[in-house]
Amino acid sequence: MESSSLAGGVLHSLSARKCHSALDAARTLLRHGEAVNAEYNGTTPLHIAAQNDNLEMAQMLLHFGADPTLLDKFGRTSLDVATGKTKEFLLRMLALPQKKRKGILYRIFICHTRSLFSGLMKKARKNIRRITSATHLRPTSISDPPLPKDRHDPHPPTMIFEDDPLPLEKFVLPGTPLTSRTPPVPSSDCVTTKRGGRPRARVIPASATNQISAKRVRAHSVDDNLLEMNKALSHKASKSSRTPRQVQTPNNNHQVQKVHFKTPRTTKPQGGLTWTPSRNVNTTPRALKLPTPKAKPSAPPMEPVNVSSDAYFTADDSILDELEARIRQIKINDPAAARITKLTDHQLRAQLAIAGISAGPITPETRKGYEKKLILSHGHTTVNSKYSGPLQFALDGKPSEDGDKLDHILRRELDDGARQFNYILLDPRAVDDKEVTLDSFIAAIFYVGKGTGERPLSHLIDAKVAREAKTRPGEKKKIHSDKIERINLIWSSGVGVIQLEIGKGVGDRLALTREGCMMLAIGSNNLTNKRGGEFHGAARTWDNRKRAIYGTYLILRAHKVFNADRPQQIMPRNVPDQLFGAAKKK
Amino acid sequence: MSTSVKHREFVSEPMGEKEVETIAGIGPTYGEKLRDKGFDKAYVVFGQFLLLKKDEELFVEWLKETAGITKNHATSCYNCLNEWAQQYI
């Protein structure tokens with residue numbers, strides 16, 4: 001092409017540089033017909049880009065049809081000289097068939113562009129806007145002189161009205177006299193721009209919007225959209241036997257350079273996962289929010305855009321699906337989560353059981369919730385450990401220091417009475433030393449409860465009743481529970497149960513919350529408690545880890561109390577036959 | 001925490017063939033969403049509640065996923081069904 005003479009070797013020098021302006025410039029050159037495989041000093045631009053690990057540039061060159069199999073003067077391909085990421089990329093690309101390559105390249109750009117849009121990179125966006133607006137204002141020496149109309153046009157039938165603004169059929173060009181012509185195609189497919197006014201994109205065919213909207217991010221003028229839409233349209237048209245390029249924007253030379261290529265390094269790869277290429281989503285509204293171009297193009301169009309245009313036609317659905325799958329893969333970037341979703345229902349249930357969660361039926365409806373719960377449970381219950389995470393830490397001598405704060409919060413919030421307390425029932429066989437270690441103290445706990453007055457005694461009375469019932473076989477067993485069995489077992493071995501009352505003089509709800517937290521900390525597997533705890537006030541919204549931290553704090557306190565003032569063991573003979581008054585609340 | 005009129009009404013009697021909207025925390029909009037998913041009667045939602053073993057976390061999560069019910073509403077829905085369960089089963 002003629003402009004290659006203008007830029008002999010320029011593309012080569014640009015290929016080595018890693019910056020926006022180099023990319024923009026290179027893109028402009030390529031758009032204007034610079035030969036992408038041009039040899040200069042016995043090497044191609046792709047060689048240089050690959051050698052310098054300039055991945056963005058390499059991708060763009062490939063996108064414009066650079067041939068990675070060409071040899072430089074030393075007989076090496078681009079792959080041979082490639083380094084770092086570019087090498088990896090080239091290896092991956094070359095493993096694919098030619099057609100797929102182009103489609104993927106194209107979609108890589110979309111991914112990058114799209115991810116930019118989807119958040120976190122406001123700053124980068126601003127930056128790009130700044131850069132692009134700068135390019136708007138920059139006069140380009142190449143495109144300044146309008147080209148003669150009779151120059152050679154490689155695509156005469158399809159590339160209509162490239163340079164001549166007069167025979168406009170569909171578009172009104174900014175900066176050209178308004179020609180009133182009826183568009184030959186339905187208005188839904190067309191975009192109009194007004195002179196000086198804000199360009200507006202109209203309805204875009206659904207099949208096209210995906211490709212287009214993804215580009216919008218860097219498309220700062222509607223002309224970009226036009227071009228993209230035209231490509232998409234012609235893509236569509238190629239199926240419906242319309243001439244590709246039937247619709248062509250006349251004024252695409254300048255802004256177009258922003259369309260194609262989004263530099264990957266300004267985006268994070270995982271940013272792309274918000275993009276799911278569903279082809280039927282109409283993203284047109286987004287297009288309307290485009291920033292208005294800051295400056296009008298400084299030059300009329302000069303060269304038809306024909307480079308690598310078939311990239312847009314090679315993409316088939318399988319590539320989209322492939323990409324979608326890949327994105328899904330990234331989405332599950334947490335290995336633990338990925339592992340859990342792969343479990344069978346049966347395995348999931350087993351895992352839940354290990355985590356101390358008793359699961360109901362696992363159906364497609366409930367499975368998601370259980371998966372989530374299991375993932376979360378890994379946060380606070382280390383698998384195979386006996387107690388909850390915070391208590392385990394405390395046992396290792398690293399108790400959390402938040403317990404005091406949590407206690408303060410709850411005390412202030414749940415200040416509604418002073419009659420309740422919590423109590424712990426202990427197996428004395430494990431704690432008969434003078435100075436009981438935390439380890440054995442916790443191991444000795446077999447029941448955590450809350451109550452008023454003589455409530456703790458009621459368990460012992462129940463146990464006593466059950467014990468006596470055993471000796472009289474005629475009477476039917478009224479109460480049977482692990483707790484009572486445990487009490488009886490303790491009594492049978494000739495020792496008494498230890499009952500430790502803690503946190504006296506609190507309200508009902510605080511006592512309930514404390515009970516629940518302690519149970520969580522110790523783990524229901526290690527207790528004979530049947531029902532789970534209740535949580536009130538702020539503790540309602542805590543996650544289980546926080547609750548367990550609080551429970552651990554209470555247990556540590558109980559441990560101190562226990563060592564300071566050892567309660568008496570309670571033997572059956574100490575227990576009254578029944579509980580008087582209102583204390584029994586069952 | 002005081003309970004709403006809807007809550008008390010629901011809890012006060014067997015749910016029978018009551019519509020899904022009679023559960024506290026579920027208004028016409030959420031009711032419609034649940035209906036679309038096949039949960040047209042209160043007892044169907046209650047069934048799911050039991051299926052999840054009366055687990056608050058799971059049930060609230062499920063309501064969020066299924067009908068986009070906010071945590072607050074889902075919690076009052078949970079409390080409603082939970083109290084009903086405590087009374088009648």
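Every heavy atom of this structure was used, including side-chain atoms; hydrogens, water molecules and symmetry mates were not. Being a predicted model, the structure only gives us computed values, none of them experimental. All chains are named by letter (A, B, ...) in the order of the sequence lines, taking the proteins before the strands, and each is independently numbered beginning at 1.
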(message) Using 0.5 Å steps for rounding, measure from the CD atom of B/E57 to the CG atom of A/D543.
(response) 8.5 Å
(request) Pick whichever of B/D55, B/L50, B/L58, B/T75 has the most heavy-atom pairs under 4.5 Å with chain A. (result) B/L58
(request) Check the pair A/K368 / B/E61 against side chain to side chain contact (heavy atoms under 4.5 Å, CB included), numbers first and verdict last. (result) CA-CA 9 Å; A/K368 230 180 191 176; B/E61 189 61 34; over 6 Å; no
